[in-house]
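Count residues from 1 along the sequence.
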Amino acid sequence: MHRITIKELVEFRRRSDKSKKNFALKLRTRQAKEKAEDDDSGGDYWISSTSCIQNVFKSDNPELFDNKIDELQAKLAATKNNGTKSMYQRNIDILTNFKDFEFTDLKPGIGLKYETLPSFQKILTIDGYPLYVNPSLLFSFNHNGKREIGALWLVAQINGFRKNELGIFCETLYRHLVDNYASKYQISENHCIVIDTYSVQKVAYSEFTKGSLSPLLDNTIAEIKAA
């Protein structure tokens, strides 16, 4: 079975009952490719904004937003292709919206170290279904005398995601951290975070434990399996 992106889980939930059956069959029977792309965010469509947000998060330098916006505006002015113009403009809009975003609460400050996620660890298997997990940043840090690990996943699509849909990304990310790092680190619920860059909306896994979000991941997999 070919890996399934979390966007595809969201797409499945949005479909009608009849369409769900056809889409589930496609997911179950799709063959794995010999070499898969290492991204699930619509190719490189959002890479300009996503990479800039990552760099601002890591460097604490918001001036990078203006630098990237200026660069994209120059590219937009130089192209005549309407599709490319739309891509540049949407990335500019995202970065403009993020200029006042507060990263302080999202970023742990003591002993922060960015970790590398090997490609072979980007698959989380749930009930036989291989889910592709590709966080933007993975980091460890010190908290209350323990070494903890967290992650930031920046996701985007035109018109964005609903909060419960972002929750599916966050559930998957948390379970991925548990599967791969629980033997070495304490998993941080507060720092397991997904942000929809299109709408500037965020979800942390702690929202599940506090009861403000309901889990949908297992139910979605079960629906796909039964459809």
field: Under the ring pair (Phe, Tyr, Trp, His ring centres under 6.0 Å) test, residues paired with Y114 that sit two or more places apart
entry: none
task: Tell me, please, which residues at least two apart from F208 pass ring pair (Phe, Tyr, Trp, His ring centres under 6.0 Å).
output: Y205
Results of side-chain contact (heavy atoms from CB on, under 4.5 Å) for [X] - residues two or more places apart only:
X    : result
S199 : D196, Q201
L25  : R28, T29
N81  : T79, T84
D218 : I126, R175

Can you sort out the partners of [X] under salt bridge (charged side-chain N to carboxylate O under 4.0 Å, His left out), two or more places apart, ordered by chain and number?
X    : result
K163 : E207
R14  : E165
D17  : none
R90  : none

Atom pairs and distances, donor-acceptor, side-chain atoms in residues 63-70, under 3.5 Å, two or more places apart:
from : atom 1 : to  : atom 2 : distance (Å)
D66  : OD1    : K99 : NZ     : 2.7
K68  : NZ     : E71 : OE1    : 3.4
K68  : NZ     : E71 : OE2    : 3.3

query: Taking 4.0 angstrom as the limit, do R15 and E11 come out as a salt bridge?
result: yes
message: Going by salt bridge (Lys or Arg N to Asp or Glu O under 4.0 Å), name the pairs with one or both residues in residues 140-149, residues two or more places apart or in two chains.
response: none
